[in-house]
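Reading through the structure tokens given below for one structure.
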Number of protein chains: 2
Amino acid sequence: MDNESQFAGIVDEWERHLNQSGYRLTQPRRAILRVIATSTRPLTPVEIYDQVRALSPSIGLVTVYRTIDRLAEMSLIERVHQSDNCQTIFRGTQEHRHLLVCGQCGESVYFDGLEIEHQFSEIGHAHGYQVTHHWLQLEGLCQSCQAKHNKIS
Amino acid sequence: MDNESQFAGIVDEWERHLNQSGYRLTQPRRAILRVIATSTRPLTPVEIYDQVRALSPSIGLVTVYRTIDRLAEMSLIERVHQSDNCQTIFRGTQEHRHLLVCGQCGESVYFDGLEIEHQFSEIGHAHGYQVTHHWLQLEGLCQSCQAKHNKIS
DNA sequence: GTGCTTGCAAATTCTTTGCAACTTT
DNA sequence: AAAGTTGCAAAGAATTTGCAAGCAC
């Protein structure tokens, strides 16, 4: 299964969302959705712009920013903070899950099954805080970057 | 114990660090250290600048940026990412600990005692990743913001 | 046709760099 | 005195806004 088929459903779903919220499905917007939805790693606005230009050359960076805002409003994407870059975009998930990001190439996957989350409110309570949410991200080397790394050293 | 006395040790320690690394202890630098070290919440560069100007009016924002870079090099501070702001600065800790941040006023404390961290490499492994580090932050309402909130509603 | 969208240019905001004058050691 | 530092002004990045032309519905 390639990305195209794997993520086709996401694009459809996003288009439905936009539609239901009264937004229009324009050509530039479709192209942007497709790039973001099918990416296996978080992208910066400029990276999205560059990739979209390959599909739709006359697009403007501003449209990328504006489309990102729309998607963020609807919680369809996540803004991922990486050590060197604060504003990268990755498709979201419906359920509450966390990201495992390759520090080298950015390749990312969601994981779940953490047993700890219920501890968080206790921890907060111990300090007088009422915990509302949390942010957890793992960083490491993905399989193919490990392989490259071993080859070099 | 007020902040001044509580955090005096941190300022001293930071000054020693700078010294040992061959950096000079100038008046502007001291003022910046003091503001960052005694703050109970993460501050933006401009917030630091504003607070430092109260102590040392002729300071330039550039010096704040440069001092932040020095402190970051030595891992004496942490760059905290908040939902609305990507670049806020907070004093670091020697041990590996995590932050609990008030979403309203920013008041922050470190906590530890998490049992989960050893799970992270397993989770990574299950996805073919070799986990190198993680990023965890809790957000909530601190005691005094809870009180304010209750008063209003 | 109406009203949301787009791309461009310009405006903002945030951060970094070049440099002569100035402290710290 | 030597070398690191500072503040200013200017340069660079990153993001947002105003607006007339264009497209979706």
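Every chain is numbered from 1, with letters handed out A, B, ... down the list of sequences.
Between the C1' atom of C:dC14 and the CD1 atom of B:Ile89 lies a distance of 13 Å, rounded to the nearest Å. The interatomic distance linking A:Asn19 (CG) with C:dT5 (C1') rounds to 15 Å, in whole Å. A:Ile59 has its CD1 atom 14 Å from the C1' atom of D:dC23, to the nearest Å. What separates CG of B:Leu25 from C1' of D:dA3 is a distance of 15 Å, to the nearest Å. Rounded to whole Å, atom C1' of C:dT15 lies 16 Å from atom CD of A:Gln87. For A:Tyr49 and D:dT15, the OH to P distance is 14 Å, given to the nearest whole Å. Regarding B:Ile32, its CD1 atom lies at a distance of 11 Å from the C1' atom of D:dT5, rounded to whole Å. The separation between A:Glu47 atom CD and D:dA13 atom C1' is 15 Å, rounded to whole Å.
At least one side-chain heavy atom of A:Leu33 sits under 4.5 Å from a side-chain heavy atom of A:Leu18.
Both B:Val46 and B:Tyr23 lie near DNA chain C, and the one whose nearest nucleotide falls closer to the 5' end is B:Val46. When the nearest nucleotides of DNA chain C are assigned to B:Pro45 and B:Arg30 by heavy-atom distance, the more 5′-ward of the two goes with B:Pro45.
Looking at A:Tyr23 and A:Glu73, their side chains do bring a donor and an acceptor atom within 3.5 Å of each other. B:Thr40 and B:Glu107 are linked by a side-chain donor-acceptor pair at a separation below 3.5 angstrom, with hydrogens and angles left out of the test.
Aromatic ring centres of B:His81 and B:Trp135: separated by under 6.0 Å.
Closest to the side chain of B:Arg29, out of D:dT6, C:dC4, D:dA2, is D:dT6. For A:Arg24, taking side-chain heavy atoms from C-beta onward, the closest of the listed nucleotides C:dG3, D:dT6, C:dG7 is C:dG3. Among D:dT15, C:dT6, D:dG7, the nucleotide with an atom closest to any side-chain atom of B:Ser58 is D:dG7.
B:Thr38 places a side-chain N or O within 3.5 Å of a backbone atom of B:Arg34 that can act as its donor or acceptor partner. Side-chain atoms of A:Ser56 do not come within 3.5 Å of backbone N or O of A:Ile59 as any donor-acceptor pair. Not one N or O on the side chain of A:Glu47 forms a donor-acceptor pair closer than 3.5 Å with the backbone of A:Thr88.
Inter-axis angle, ends of the helix from C:dG1-D:dC25 to C:dT25-D:dA1, five pairs per end, rounded to 10 degrees: 40°.
Interface residues of residues 60-80 of chain B facing DNA chain D, ordered by number: B:Gly60, B:Val62, B:Thr63, B:Arg66; criterion, heavy-atom separation under 4.0 Å.
Dashed line: the shortest gap from a side-chain N or O of B:Thr26 to OP1 or OP2 of D:dT6 is under 4.0 Å.
Residues passing the side chain to side chain contact (heavy atoms under 4.5 Å, CB included) test with B:Arg91, sequence neighbours excluded: B:Phe7, B:Ile10, B:Trp14, B:Tyr110.
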Could you go step by step and tell me if A:His98 and B:His134 meet the side chain to side chain donor-acceptor pair (under 3.5 Å) rule?
CA-CA 11 Å; A:His98 297 289; B:His134 59 268; over 6 Å; no
